[in-house]
Amino acid sequence: MTIEKFGSSLGRRDLLKLSAAAGAAVAVASLIGQTPVLAADGQLSLKGKRIAISATGTDHFFDLQAYNAQIEEVKRLGGEPIAVDAGRNDGKLVSQLQTLIAQKPDAIVQILGTLSVIDPWLKKARDAGIPVLTVDVGSTNSINNTTSDNWGIGKDLALQLVSDIGGEGNIIVFNGFYGVTPCAIRYDQLVNVVKYFPKVKILQPELRDVIPNTVQDAFTQITAILNKYPEKGSIKAIWSAWDIPQLGATQALTAAGRTEIRTYGVDGSPEVLQLIADPNSPAGADVAQQPAEIGRTAIRNVAKLLAGQTLPRETYVPALLANKTNVGEVTKKLGIG
C-alpha cells in the first residue's frame, strides 16, 4: 500500500539528496562476515537464519501490530523467528535480552523500550558480534532504526492543535515517557511550535501517563483537572505523545460534558480514529502510523544487512495526520476504516 506522507512535499534539493543517498546505498555493499541471504531470483531471503525479536510489550495497538508483522515477515522470508515479549516489565526485558544474546541469533530486533534500560544490553549484543536493529529506539548501538518521522509527526500534530484553538489558550500535556525516543521527539516539537505562539500556555505541572491502566489513569487525572478548571474556555486542548492517554482523556471530557476541549495524540489506534470520526467527540486529531509496515520493513532491513547491503541509520515509514475533516480518507488508506 502506498501512502503519501503527511506534510509538505519534498523539494528539489531534498529529492536530489535522497537520490544520492539511494545510489550510495546500492553502490556500497560491504560484507560483514555473514552468509549472503539473497535468493536465486534476487529476492530477499532469511533462509537458515534465526532472527530474534524483542518486544517491550504488546498491549498497545502499535506494539502488537509491529511484533506480529515481524514474526510473519521472518517466516515469509524463510527464517526462524525467536520472538519474546517482556509485558512492559523492565526486569523481564533485560532478562530476555540476556537470554537472546546467549542464544547467538543472526540478528536482534528490539521494539521500543526506555533507552537507559535497554541500551547497555544492545551494546553487549553488538560486542558479541550480533547485529542489532531497532524499531522506535534511538540507540547508537543500533545499525538501523525503523520508525516514523517523529520530528514531522510532532510538528504537524502541534500545528494542528494550535490552529484548532486559534493560537491561544491553556493546554494540558501528558509527558510520562520522555526516556522513550519517539515520545521525547514529539514533545520537543510541541514545545518548539508553542514557543512561537505566546498566547498558548502549557499548564504546569505536566501530567505523567502510566503503563499499565493507561486509559483509567488518564481518565482520573483529567477528571481532577476539570474540577480544578471548571470554566469553559479555561482549557483548550489536551496533548499526549501516544493515543492511549488520549483515549482516557477523551472519555473523561465526554463524561464531564466538556466536549469543547479537544484531544490530540499519535499512533492511529482504531478506537481513537473512530472517536475522531464522531463529530460530537472531543477527539481532535491523531497521527496514524503504520506499525505493521514498520515491522515488516525492519525485518526486510535485517535481510538486506545479512546480504551485505549497507543500511541507512534510520528508515522512515510514512504516517498520516487524521483530523475531523480527513479521518475517513485516512482510515480508508490504512485499511482499518
Side-chain angles (χ1 to χ4, degrees), residues 1-11 14-15 18 22 44 58-73 76 111-112 135-136 145-164 182-183 185-186 189-190 193 237 239-247 250 262-301 312 314-337:
M1 165 170 54
T2 301
I3 299 178
E4 292 184 358
K5 183 178 177 181
F6 62 87
S8 58
S9 59
L10 292 171
D14 297 315
L15 289 172
L18 289 173
L44 291 172
T58 57
D59 53 330
H60 181 217
F61 174 79
F62 177 96
D63 310 340
L64 183 60
Q65 290 283 306
Y67 180 73
N68 286 339
Q70 289 192 33
I71 294 171
E72 293 168 3
E73 189 69 0
R76 189 185 73 81
I111 307 172
L112 285 166
V135 168
D136 268 2
N145 181 47
T146 304
T147 184
S148 300
D149 176 3
N150 287 292
W151 290 270
I153 283 176
K155 171 185 66 68
D156 284 14
L157 186 66
L159 289 172
Q160 179 76 60
L161 183 157
V162 169
S163 174
D164 288 349
C183 295
I185 293 171
R186 296 165 194 168
Q189 290 295 78
L190 172 71
V193 168
W239 179 97
S240 56
W242 53 310
D243 61 12
I244 301 305
Q246 181 186 10
L247 180 59
T250 302
R262 289 284 182 259
T263 66
Y264 299 82
V266 177
D267 275 334
S269 300
E271 58 267 42
V272 175
L273 294 177
Q274 288 172 7
L275 288 172
I276 293 172
D278 181 355
N280 298 316
S281 169
D286 190 64
V287 180
Q289 301 190 83
Q290 298 188 76
E293 184 59 24
I294 287 173
R296 286 189 289 267
T297 299
I299 297 303
R300 290 194 289 266
N301 281 343
E314 295 213 334
T315 300
Y316 296 119
V317 175
L320 293 168
L321 176 63
N323 55 35
K324 292 289 190 185
T325 301
N326 72 349
V327 64
E329 177 185 353
V330 169
T331 54
K332 183 178 180 180
K333 287 182 176 180
L334 292 174
I336 59 176

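No side-chain heavy atom of Val272 sits less than 4.5 Å from a side-chain heavy atom of Asp267. Proximity of Trp242 to Phe61: side-chain heavy atoms (C-beta onward) are nowhere separated by under 4.5 Å. Side-chain contact between Val287 and Asp156 is absent, with no heavy atoms from C-beta onward closer than 4.5 Å. Looking only at side-chain heavy atoms (C-beta outward), Pro318 and Gln290 come within less than 4.5 Å of each other. The shortest distance between side-chain heavy atoms of Gln70 and Ile111 falls below 4.5 Å. Contact annotation: the side chain of Asp286 never approaches that of Tyr264 to less than 4.5 Å [non-hydrogen atoms, C-beta and beyond]. Contact annotation: the side chain of Glu293 never approaches that of Ser148 to less than 4.5 Å [non-hydrogen atoms, C-beta and beyond].
Here CZ of Arg262 is found 11.5 Å from CD of Gln246. Values are rounded to the nearest 0.5 Å. In this structure, Leu320 CG and Thr331 OG1 are separated by 10.5 Å, a value rounded to the nearest 0.5 Å. Here Leu64 contributes atom CG and Asn68 contributes atom CG; the two are 4.5 Å apart, rounded to the nearest 0.5 Å. Atom CD1 of Ile185 and atom CG of Leu190 lie 14.0 Å apart (nearest 0.5 Å). Distance check, rounded to the nearest 0.5 Å: CG of Asp136 to CD of Gln289 gives 6.0 Å. Atoms OH and CG, on Tyr316 and Asn145 in that order, are 8.0 Å from each other to the nearest 0.5 Å.
Residues passing the salt bridge (Lys or Arg N to Asp or Glu O under 4.0 Å) test with Glu271, sequence neighbours excluded: none. With sequence neighbours left out, the side chain to side chain contact (heavy atoms under 4.5 Å, CB included) criterion links Asn323 to Gln160, Ala285, Thr325, Asn326.
Put simply, the side chain of Gln189 gets close to the backbone of Trp151: a donor and an acceptor are under 3.5 Å apart. Between the side chain of Lys333 and the main chain of Gly328, no donor-acceptor pair closer than 3.5 Å is present. Asp243 places a side-chain N or O within donor-acceptor distance of the main-chain N or O of Ser269, the cut-off being under 3.5 Å.
Across every non-hydrogen atom of Ala241 and Val266, the tightest pair is O-CB, 3.4 Å. Here the closest non-hydrogen pair linking Thr250 and Ala283 is CG2-N, 3.9 Å. When all heavy atoms are compared, the tightest approach of Ala322 to Leu273 is CB-CD2, 3.8 Å. Looking at every heavy atom in both residues, Ile276 comes nearest to Gly284 through CG2-O, 4.1 Å. The minimum heavy-atom distance between Leu334 and Ala288, with the atom names listed, is CD1-CB, 3.3 Å.
With respect to the salt-bridge test (charged N to carboxylate O, under 4.0 angstrom), the residues Glu329 and Lys332 do not qualify.
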